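What follows is a set of notes on a single structure, which appears directly below.
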Amino acid sequence: MKKFFVADLDGKLPGEMLTLNGWAQDIRILKNVGFIVLRDQTGLVQITVKKDTEPFSMLGDISRESVIMVKGAVPEKIQSKIGREFIANEISILNIAGSPLPIGIADEVEVDFDTRFNNRFMDLRKPEHSRIFRAKSAILWGIRSFLMSQGFTEVQTPKIVSAATEGGADLFRVKYFEKDAFLNQSPQLYKEMLIASGVERVFEVGPAFRAEEHNTPRHLNEFTSIDIEMAFADHNDAMHMLENAISHGIENFLNKVPEALQFSLLKSPPKTPFPRITYEECVSILAENGLKVNKGEDLNNEQLKIIGSRFEGFYFITHWPREVRPFYTSVLEDNENFTKSFDLQFREIELTSGAQRVHNPETLKRKIEEKGLDSSNFEFYLKTFRYGMPPHAGWGLGLERLTQVILNLPNVREASLFPRDRTRVFP
RNA sequence: GCCCCGGUAGUGUAGUGGCCUAUCAUACAGGCCUGUCGAGCCUGUGACUCGGGUUCAAAUCCCGGCCGGGGCGCCA
């Protein structure tokens, strides 16, 4: 049906009869001429309607945001400030838009988050909102193609599960016929089971669910997790894979999305390797700033801001104390108080958590119990460690948070088409 | 889970007890206008989150509900 896009008009010769489809963003009727600003996913064009032509009489019937088809041609000389112009010979209204609009598109009026998300389909007609998802798509595509080039297989694992992955985060409970089940908070256990299956490098892009009642600009209750797991690898290998994946994702975004530089915070792919700082070094820096971190304690937001201010962009915090890491995290050979783990940070925002994993089944069982969990609930998982499990490492990367920091969005909800937060389950 | 803040036309706002018959912008309707482009000018339509209370009088004060924004904790 649709032959080409508005942006394809560039370079077309006058006189060639063409058909455009799109939304009538604005209509201006003067005494002797009329104009429609037509929008499609590629941009805007001014449709010029001369008084002596047949479509002039119907201009008044076209409401803003109506869907129209226009036949015509580009003029000899473009006079519109938009930079694209099209002289209409014939206009058809394909679907009239109601009025008033729930959100104005051409209006220069601020709209609250709540109104925006209640009317997300309208909100996304604004290019500054829809382009976030073109960016997100391109970032993900770059990461995906990089992982594919490194011998990874993309997998899909269950989101309805019977047991908690890590015991920490709260899970959403669902009815599963006569049983209780949960929405998975992470594909962690399944990724590791696939390592035991002999698929040496796996990744998954899928939803993760957290039933935490937080209300912040960086939390979603359903988010997209990019998760990898690789056999015969340690935490350093996993960090290499991560920084290169992110760099490729950003490179693909900057190269493939029109006008990416205009709205991206990052103007070029970040240089690898990313800087690394250990947890103990962070504690020392904070001590110099008069902030005390108790032994084995996580760093809070205030503390992460201070650490983050020392770096331009992405950086790793490595060797976290064992107390703040899940049971499947392996510890350093020469100091069991610290782990072969890392977080990827951008300023104070945590983007990734990763580690080398425990691969010895007895150690793993002991660590599950040390965390106060019932190891019998993890038998399906532990079993896969008893018949030939390689050493392995991996990470989970939050796609919405990554998009948020690359585009410098004030709120992570903007990087989710239909965000799920503490109070929103609609639309 | 704890704490703070907010809810006024379709949208975004002004308003802190009587001068509110509620401000402004934008949208919408009608009119004017030699090509406009955040068009301009004129006229008009349109709103106090819900329930209870205080008061001679409530958009305004109090209590509760509903809805939202944020901080902490926790996390990706």
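Throughout, protein chains are lettered first and strands after them, A, B, ... in sequence-line order, and every chain is numbered starting at 1. The model shown is predicted, which means the values in this text are computed figures rather than measured ones.
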Nearest whole angstrom, please: distance from the [atom2] of [N] to the [atom1] of [X].
X: Asn118(A); N: C66(B); atom1: CG; atom2: P; answer: 17 Å
X: Lys126(A); N: U11(B); atom1: NZ; atom2: P; answer: 13 Å
X: Phe113(A); N: U11(B); atom1: CZ; atom2: P; answer: 17 Å
X: Arg424(A); N: C66(B); atom1: CZ; atom2: C1'; answer: 15 Å
X: Ile406(A); N: A76(B); atom1: CD1; atom2: P; answer: 18 Å
X: Arg401(A); N: C74(B); atom1: CZ; atom2: P; answer: 13 Å
X: Arg422(A); N: C67(B); atom1: CZ; atom2: P; answer: 10 Å
X: Gln404(A); N: A76(B); atom1: CD; atom2: P; answer: 15 Å

Do nucleotides 41-49 of chain B as a string where each nucleotide becomes B, S or -: B if the base has a protein heavy atom under 4.0 Å, S if just the sugar-phosphate does, - if no protein is that close.
---------
Scoring nucleotides 23-36 of chain B by protein non-hydrogen atoms under 4.0 Å (B base, S sugar-phosphate only, - none) yields ---SSS----BSBB
Looking at U11(B), C72(B), G69(B), which one has an atom nearest to any side-chain atom of Asn301(A)?
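Closest nucleotide among those given: C72(B).
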Could you check which of G69(B), U11(B), G73(B) has an atom nearest any side-chain atom of Val111(A)?
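Of all the options, the side chain of Val111(A) is nearest to U11(B).
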Using the [atom1] atoms only, state how far [M] lies from [N], rounded to an integer number of Å.
N: C19(B); M: A59(B); atom1: C1'; answer: 15 Å
N: C5(B); M: C20(B); atom1: C1'; answer: 26 Å
N: A9(B); M: U23(B); atom1: C1'; answer: 12 Å
N: G68(B); M: U55(B); atom1: P; answer: 35 Å

U13(B): pairing nucleotide in any strand, Watson-Crick or G-U under 3.5 angstrom
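U13(B) is paired with nothing.
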Using 30° and 60° as the class limits, which term best fits the ring planes of Phe146(A) and His248(A): parallel, tilted or perpendicular?
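Ring orientation, 0 to 90° scale: parallel.
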Starting at the 5' end of RNA chain B and moving along, which residue's nearest nucleotide shows up first, Asp112(A) or Thr423(A)?
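The residue closer to the strand's 5' end, by nearest nucleotide, is Asp112(A).
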Let's see if you get this right: which residues in residues 214-223 of chain A place a heavy atom under 4.0 Å from RNA chain B?
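Within residues 214-223 of chain A, the residues near RNA chain B are His214(A), Asn215(A), Thr216(A), Pro217(A), Arg218(A), His219(A), Leu220(A), Phe223(A).
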